[in-house]
Colleague: 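Structure incoming, see below.
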4 protein chains.
Amino acid sequence: MSAKRHCSVDFLTYESERDNGKIECSTYDKLIKTAIMVMSEVGYKGMSIGILADMVGISKSTVIHYFKSKEGILLAVMENFLPAYIDEFKPVLNNKSLDGVTKLNKFVHFHMKMVAERKDVLSINIKDGKFLTGKSRTVYQQQQRLYGQQVVRIIQQIQSEETNLFKDLDPHVTAKAIMGMCNHACVWYKKNDILTGR
Amino acid sequence: MSAKRHCSVDFLTYESERDNGKIECSTYDKLIKTAIMVMSEVGYKGMSIGILADMVGISKSTVIHYFKSKEGILLAVMENFLPAYIDEFKPVLNNKSLDGVTKLNKFVHFHMKMVAERKDVLSINIKDGKFLTGKSRTVYQQQQRLYGQQVVRIIQQIQSEETNLFKDLDPHVTAKAIMGMCNHACVWYKKNDILTGR
Amino acid sequence: MSAKRHCSVDFLTYESERDNGKIECSTYDKLIKTAIMVMSEVGYKGMSIGILADMVGISKSTVIHYFKSKEGILLAVMENFLPAYIDEFKPVLNNKSLDGVTKLNKFVHFHMKMVAERKDVLSINIKDGKFLTGKSRTVYQQQQRLYGQQVVRIIQQIQSEETNLFKDLDPHVTAKAIMGMCNHACVWYKKNDILTGR
Amino acid sequence: MSAKRHCSVDFLTYESERDNGKIECSTYDKLIKTAIMVMSEVGYKGMSIGILADMVGISKSTVIHYFKSKEGILLAVMENFLPAYIDEFKPVLNNKSLDGVTKLNKFVHFHMKMVAERKDVLSINIKDGKFLTGKSRTVYQQQQRLYGQQVVRIIQQIQSEETNLFKDLDPHVTAKAIMGMCNHACVWYKKNDILTGR
DNA sequence: AATGAATGAGGCTTCATTCAT
DNA sequence: AATGAATGAAGCCTCATTCAT
């Protein structure tokens, strides 16, 4: 019903690449999916409720009806994602029978699996978290810190062990470098790529 | 004259942190400086010409007078930056008397120096290049590719030499991982930090 | 609510001369009516959405809400008008039992009735059609051509008949001269004038 | 020096069709020529000083420097044209030895020659005169009336003579019909057309 | 004669949101 | 669950104009 809206960002295809199966799903789910797709491409500020509505084929009012506000969309995306993403690794971290190198190995695998599976949400998480306001913002920052500290602790464990690894390096910087390497994969990783580059 | 504009992004301070010296400089220069500051914080889409104008203390029309359009600002920021950033490393790359590992070492230092000095412009370059349109866009993409290929060639040189380094790794993926590690520093690096983390 | 806007075109009265009856009608209808009035006076380029909004007593956004864009207004005016205006005369044209002179007579009456009743829309049609863009423009041009060809065909029929009328005249030029004479009435015809001139 | 400005009216070619001879001429003359070209296509309101400046290859300030204001351009175009256009026919009109039909014949030839030679200025005169303000406006209206009355007087002369022509027709309406027929040629007449239509 | 800097006013459009239905 | 009407605020940009040079 709603006329095709002109999208100034030509690298953004309206038809979701993900909907191969065309599985019938609720309006809400369609909205979340589409929001993730759009935001991961053009960012929170670059996304507009109107474009979202057009893509899903509903009216702007309906989008608001589901999420209360634009920030509500960002929040929904993150809430569906963040908690799991933080807690899932804890068991490994706290497993006293594992040495640091093994933990780091596992962590990188864990994190990269997330990149592979949800690089869209992850990049939103990284780039657009700053646009949250109020309480949501505090919660978001807290969670980011907690997640990062996991790696710091692993590095510290490694340094405390017999290896030469990371000797004399600051654990925080090292942790950030490793996270950076992984996270930046959001930018270049392409599904079904056999990681052979291009 | 222009009333202080309400800024919805509360983490963005209007008073430039960089202008300690308050060196008198041209309107154009003030504009570029401010644009870089704002864009590196809230992105191209998050920046508005009105905020820019208010921060510099001129009218919106004057901003347009200098840059023709909003995209013109992004373009100006990148043009002032990109060319140097690409060519400067070439001599090292083409130096036949250097082995791969040394080149990589030098590249990382070179790139990280850039991060340290101009993380603001670099992050704009990475995050907002996609908003260029038309010919500027093509040029931008071309330059990005060229810069990236430098690292790929270094990795390949290393692989062709006697070291075990990067053995059996795809050079493109490896290059991207290294670039990612460096570039991500834009996110966490803070000037005058002794790199002790936080 | 909206302050009376200063109108730079002083010969344009804001209060519609046509709304004698002040019949309550929808916002959309009010908009179309007003747009026709304004455009027929100052042309498409001379009309502004803001003036329109003020005259109808709504906000600029609401005007866009109804027409999507300024060009949408022009389009709506023409679409409400053009189709009828082209098809209505066809039966006469195709009536094989009528001679050319009769047809011409009927056409001029038909066309002048239109001038008398809708000189406003007609003059917009003539003067501002060129500001349509894209597909609308093509459609517009096609329709104009079709309408004009009706007269050409009548002239040709007359020339093929026993009359001396239009002997040796080019039918296209003659048709255009006749249309011109009629259309120009938009400029000087005033309702309720007993056609006594002034 | 000035970047090519985007022109939204695609049927308007920037390169003057008239400048075949590329005769070197003063900036002022170039401006008048260009203004006539542009205004005759898109009207006074559709023309902008910026586009004019770009087309002539000078700055906006220079345009103002020559004409004081935008209305000054319109005025200049009309002043260069109107006086001649009114006075030139007077001798014929006042020639007592000519009968009305001959005068009308001569008038139409005279007027159509003007159309043929200066349809651009004539159409500006007809369509955009209403945008003059102040004293210029009064003068303009006065001149228009005078010119029109010439035809009325010819018609009246014809009616007072022995012909049956225009018998029982209102002279004002008839005059307007004739003027309309002629003037409308501005819309369709194309130079070098052998008037064979299309 | 010609221009660049600067601008206020306004123009079209987008956008997030509210409200009644 | 969903929407259309309506809007205020803001966004980008155009435009005519002024002024100093």
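Sequence lines set the chain letters: A, B, ... in the order given, protein chains first and strands last, and positions in each chain run from 1.
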Colleague: Let me spell it out: for each of Glu71(A) and Ser59(B), pick the nucleotide of DNA chain E with the closest heavy atom. Which residue's pick is nearer the 5' end?
Modeller: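 That would be Ser59(B).
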
Colleague: Now, which nucleotide makes the Watson-Crick or G-U wobble pair with dT14(E), with each of the two distances under 3.5 Å?
Modeller: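 For dT14(E), the partner nucleotide comes out as dA9(F), under the 3.5 Å rule.
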
Colleague: Hydrogens and angles aside, do Ser136(D) and Glu71(D) bring a side-chain donor and acceptor to less than 3.5 Å of each other?
Modeller: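 The criterion, which ignores hydrogens and geometry beyond distance, is not satisfied for Glu71(D) and Ser136(D).
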
Colleague: Take atom CD1 of Ile49(B) and atom C1' of dT14(E), then tell me their distance rounded to the nearest Å.
Modeller: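 Taking atom C1' of dT14(E) as the reference, CD1 of Ile49(B) is at 14 Å.
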
Colleague: Tell me the closest heavy-atom pair linking Leu132(D) and Tyr140(D), and the distance in Å.
Modeller: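 In terms of heavy atoms, the two residues are closest at CD1-CB, 3.7 Å.
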
Colleague: Checking contacts here: which listed nucleotide (dC12(F), dA16(E), dA2(E)) is nearest the side-chain heavy atoms of Ser48(B)?
Modeller: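 Taking heavy atoms from C-beta onward, the closest nucleotide is dC12(F).
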
Colleague: Quick check for you: among dA6(E), dT3(E), dC12(F), whose closest atom lies nearest to any side-chain atom of Thr27(B)?
Modeller: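 Taking heavy atoms from C-beta onward, the closest nucleotide is dA6(E).
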
Colleague: More 5' along DNA chain E: Thr62(B) or Lys70(A), using each one's nearest nucleotide?
Modeller: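 Looking at the nearest nucleotide for each, Thr62(B) comes out on the 5' side.
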
Colleague: Quick check with a 6.0 Å cut-off and a 45 degree axis cone: is Lys70(B) positioned over the face of Phe131(B)'s six-membered ring?
Modeller: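 Checked: cation-pi criterion not met.
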
Colleague: Taking atom OG1 of Thr34(C) and atom CG of Asp54(C), what is their separation to the nearest 0.5 Å?
Modeller: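 Thr34(C) OG1 to Asp54(C) CG: 11.5 Å, rounded to 0.5 Å.
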
Colleague: Hunt down the Watson-Crick or G-U wobble partner of dC15(F), both distances under 3.5 Å, from any strand shown, or write none.
Modeller: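 Pair assignment: dC15(F) / dG8(E).
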
Colleague: Is there a donor and acceptor pair closer than 3.5 Å between the side chain of Ser61(D) and the base of dG4(E)?
Modeller: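 Present.
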
Colleague: Among dT13(E), dA5(F), dT3(F), which is the nearest nucleotide to the side chain of Ser69(C)?
Modeller: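 From the listed options, dT13(E) comes nearest.
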
Colleague: To the side chain of Ile64(C), which of dT7(E), dT14(E), dA6(F) is closest?
Modeller: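 So the side chain of Ile64(C) is nearest to dT14(E).
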
Colleague: Figure out the NZ/C1' separation between Lys68(B) and dG4(E), and round it to whole Å.
Modeller: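 After rounding, the gap between these two atoms is 12 Å.
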
Colleague: Starting at the 5' end of DNA chain F, which residue's closest nucleotide do you reach first, Tyr28(C) or Tyr66(A)?
Modeller: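 Its nucleotide being nearer the 5' end, the pick is Tyr66(A).
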
